[in-house]
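Values below: all heavy atoms of this structure, side chains included; hydrogens, waters and symmetry mates excluded.
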Amino acid sequence: MRAITEDVDTDRGPPLAVPLQHVLLAVALLLIGQLLASATVTEPVGLSELAVRHLFLAGFVGVTIMGSMTQFVPVWSGVSLYSRRLSVLQVWLVVAGLVGFVAAFLTVELAMLHVAGTLLVAGFWVFVYNIARTLARARPFDVTEIHFALALGAFVVLTLLGYFLSLDYTMVLFGDLAITRVGVASAHATIAVFGAVLLTVVGALYQLGEMFTQVDDDGVDRAIKQVELLAYPVGVGLLAVGRLLGETLLARIGVVLVVGSLALVGAFLARKLLRAQTELSPVLLRYAVVAVALLGWAALTFPAWLANPTDRLTVVGTAASEPLLLLGVLGFVVFGTLYHIVPFLIWVRTYSDKIGYEPVPMVEEMYDPRLARVDFILLLVGTIGQVAVAAFDTPTIALQAVTLLFAGGVAVLAVNLTLTVHRHSTHSLASLLWPSLSLGSDADVAE
């Protein structure tokens with residue numbers, strides 16, 4: 001397995017401004033989404049629940065994945081990024097489309113979804129094209145690259161289904177078909193979360209878990225990878241098709257494969273962390289939450305899904321397990337990784353050439369550890385609180401309170417990352433948010 005080390009050739013990726021721009025926008029979208037969720041708990045505005053979901057999944061998680069793949073696929077695979085210009089274009093198409101989506105959901109001006117959906121789909125397809133052309137030059141694929149290639153395919157399918165759903169708000173698309181809008185929506189959500197997002201996360205964790213713990217794979221680790229690589233993509237496909245067509249047997253087989261595979265990934269990560277040869281860091285602490293959340297989600301979700309795998313209300317998990325997956329797994333994977341990605345990228349650009357000539361900070365010394373502790377506590381309490389609120393019959397005000405706690409953690413995280421950029425980067429924040437479409441050169445584009 002190829003792993004990221006301190007002497008990797010990061011010049012194969014885009015300029016520093018591109019991944020950091022993705023990160024800053026993703027965190028901003030998450031904060032907006034959490035504040036909107038808190039504000040609309042007691043008095044929903046339009047289709048505010050859908051707006052919050054899209055801000056989290058398409059905005060925070062999706063944009064982070066776009067930025068991370070754009071930066072690290074070239075590094076992991078040892079090939080140059082296909083196009084730097086496309087890596088700048090993709091994020092603004094997605095953000096513009098997402099803003100339109102959220103506005104349409106909140107105002108119930110659903111005709112706006114057509115234009116917004118076109119921009120959103122275009123942004124994700126530009127991303128898929130750019131990374132696919134980059135991956136195409138990497139041979140042979142390792143386990144991480146296989147996951148990424150499958151995830152890119154899932155991005156194409158989910159955006160197509162999502163676009164059809166947006167059209168169906170103002171015109172009847174599924175009236176004369178055997179499939180229903182509910183089935184399409186269920187398949188769309190399944191492919192989004194378990195296909196595009198979790199295939200990316202699992203593939204990345206195989207690399208990042210080894211890198212951050214400095215523990216090589218043993219026989220059990222290799223066996224888990226082999227089983228998951230076969231079972232999980234098949235399970236996602238069966239679960240999505242079963243929900244699309246309302247075929248309970250297909251969906252039930254998918255449940256067994258999906259939940260079982262993700263439980264194995266949780267065990268894989270937990271074993272890595274228990275054998276870690278490095279000191280406890282913000283990254284490892286957050287990954288520990290991910291391992292526990294994955295195993296907890298599997299235990300809570302499996303019985304409900306097995307009983308009724310095509311239930312639209314249990315697409316992501318049960319009421320209690322859903323925040324475990326969305327916040328505890330997806331959220332904390334990103335939070336932990338950001339505490340390495342942001343300072344690492346800045347360190348390579350700012351300090352790597354100064355080693356041996358002057359004192360330089362370590363990557364772990366570039367962010368404020370006190371703020372890191374504060375955001376961890378707020379995010380963890382906010383996540384546990386949302387699980388508890390969903391599991392027990394609690395007043396609405398309790399959900400609003402724990403959502404605000406989580407939003408507070410996001411705000412502290414954003415401040416810490418922003419200060420890291422401000423103190424150590426030679427780029428201004430304005431240049432990171434508005435890099436030119438002509439940034440860099442596409443001389444490295446494959447012929």
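Taking CD1 of Ile397 as the start and CD of Gln400 as the end, the distance is 4.5 Å to the nearest 0.5 Å. Between atom CG of residue Leu257 and atom CG of residue Leu230 there is a gap of 8.5 Å, rounded to the nearest 0.5 Å. The line from CG of Leu113 to CG of Leu167 is 9.0 Å long, rounded to the nearest 0.5 Å. Rounding to the nearest 0.5 Å gives a distance of 6.0 Å between OG1 of Thr70 and CZ of Phe127. Leu20 CG to Leu338 CG: the interatomic distance, rounded to the nearest 0.5 Å, is 10.0 Å. To the nearest 0.5 angstrom, Leu29 atom CG is 12.0 Å from Phe56 atom CZ.
Taking both residues in full, the closest heavy atoms of Thr278 and Gln214 are given as CG2-CG, 3.5 Å, listed atom of the first, atom of the second, then distance. Summarising the geometry of Ile341 relative to Ser68, their closest heavy-atom pair is CD1-OG, 3.7 Å, with the distance given to 0.1 Å. Scanning both residues, Leu244 and Ile179, for their nearest heavy atoms gives O-CG2, 3.9 Å. Heavy atoms only, all atoms of each residue included: Gly385 and Val402 are closest at CA-CG1, 3.7 Å. In terms of heavy atoms, His188 sits closest to Leu158 at ND1-O, 2.9 Å. The shortest non-hydrogen separation linking Pro19 to Leu345 is CG-CD1, 3.7 Å.
Between the Arg252 side chain and the Pro309 main chain, no donor and acceptor come within less than 3.5 Å of each other. A distance-only check finds a donor-acceptor pair linking the side chain of Ser83 to the backbone of Leu86 [under 3.5 Å]. In this structure, Thr396 contributes its side chain and Thr42 its backbone to no donor-acceptor pair below 3.5 Å. The backbone N or O of Leu379 lies less than 3.5 Å from a partner atom in the side chain of Thr383, making a donor-acceptor pair. Remark: side-chain polar atoms of Thr180 are paired, donor with acceptor, to backbone N or O of Gly183 under 3.5 angstrom. Looking at Ser48, its side chain never comes within 3.5 Å of a backbone N or O of Leu106 through a donor-acceptor pair. In this structure, Thr159 contributes its side chain and Val156 its backbone to a donor-acceptor pair below 3.5 Å. Formation of a donor-acceptor pair under 3.5 Å by the Asp221 side chain with backbone atoms of Asp218 is found in this model. Between the side chain of Glu145 and the backbone N or O of Asp142 there is at least one donor-acceptor pair closer than 3.5 Å. Looking at Thr314, its side chain does come within 3.5 Å of a backbone N or O of Asp311 through a donor-acceptor pair.
The only member of Leu324, Leu326, Thr318, Leu325 that meets side chain to side chain contact (heavy atoms under 4.5 Å, CB included) when paired with Glu322 is Leu326.
Contact of the Val227 side chain with the Ser261 side chain is not registered, since no non-hydrogen atoms from C-beta on lie closer than 4.5 Å. Under the 4.5 Å side-chain criterion, counting only non-hydrogen atoms from C-beta, Leu273 is in contact with Thr213. Side-chain contact check for Phe332 versus Tyr287: every heavy-atom pair is 4.5 Å or farther apart. Taking 4.5 Å as the limit, some side-chain heavy atom of Ser87 sits within range of a side-chain heavy atom of Leu81. The shortest distance between side-chain heavy atoms of Val258 and Leu262 falls below 4.5 Å. Side chains of Val220 and Phe268 form no contact here, defined as non-hydrogen atoms less than 4.5 Å apart. Between Gln386 and Leu327 there is a side-chain heavy-atom pair separated by less than 4.5 Å. The closest side-chain heavy-atom distance from Phe155 to Leu199 is not below 4.5 Å.
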**Item:** Derivation of the side chain to side chain contact (heavy atoms under 4.5 Å, CB included) call for Leu55 and Phe60
**Value:** CA-CA 6 Å; Leu55 281 168; Phe60 172 55; over 6 Å; no

**Request:** Before giving the answer on side chain to side chain donor-acceptor pair (under 3.5 Å), spell out for Thr310 and Arg243 the whole-Å C-alpha distance, their side-chain angles and the decisive distance to 0.1 Å.
**Result:** CA-CA 5 Å; Thr310 58; Arg243 286 172 166 175; over 6 Å; no

**Request:** Given side chain to side chain donor-acceptor pair (under 3.5 Å), test His22 with Gln90 step by step and report yes or no.
**Result:** CA-CA 10 Å; His22 282 70; Gln90 65 190 25; 3.1 Å; yes

**Request:** Assess whether ring-ring contact (aromatic ring centres under 6.0 Å, His included) is satisfied between Phe335 and Phe376, documenting all intermediate values.
**Result:** CA-CA 9 Å; Phe335 300 145; Phe376 176 77; 9.9 Å; no

**Prompt:** Yes or no on side chain to side chain contact (heavy atoms under 4.5 Å, CB included) for Thr337 and Val283, after CA distance, side-chain angles and deciding distance?
**Reply:** CA-CA 6 Å; Thr337 307; Val283 177; 5.9 Å; no

**Request:** Apply side chain to side chain contact (heavy atoms under 4.5 Å, CB included) to the pair Leu50 and Phe101, showing each step before the final yes or no.
**Result:** CA-CA 9 Å; Leu50 284 175; Phe101 244 62; over 6 Å; no

**Message:** As a quick check of understanding, evaluate side chain to side chain contact (heavy atoms under 4.5 Å, CB included) for Leu417 and Val421, giving each step before the final call.
**Reply:** CA-CA 6 Å; Leu417 295 180; Val421 174; 5.6 Å; no

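With Tyr206 as the aromatic partner, Lys225 meets the cation-pi criteria of under 6.0 angstrom to the ring centre and within 45 degrees of the ring axis. Both the sub-6.0 Å distance and the 45° axial angle are not jointly satisfied by Arg181 relative to the ring of Phe164.
His147 and Gln207 are not linked by any side-chain donor-acceptor pair at a separation below 3.5 angstrom, with hydrogens and angles left out of the test. Between Ser166 and His114, the side chains place no donor N or O within less than 3.5 Å of an acceptor N or O (distance only, hydrogens not considered). Checking Tyr339 against Asp375 by side-chain atom types alone, a donor-acceptor pair falls below 3.5 Å.
Between Phe72 and Trp76, the ring planes are tilted. Angles from 30° to 60° get that label. Between Phe105 and His54, the ring-plane angle classifies as tilted under the 30° and 60° cut-offs.
For Phe194, the ring pair (Phe, Tyr, Trp, His ring centres under 6.0 Å) criterion is met by Trp297, Trp305, not counting sequence neighbours.
For Phe148 and Phe141, the distance between ring centers is not under 6.0 angstrom.
Contact check on Arg271 versus Asp217 returns no salt bridge, with no Lys/Arg side-chain nitrogen under 4.0 Å from an Asp/Glu carboxylate oxygen.
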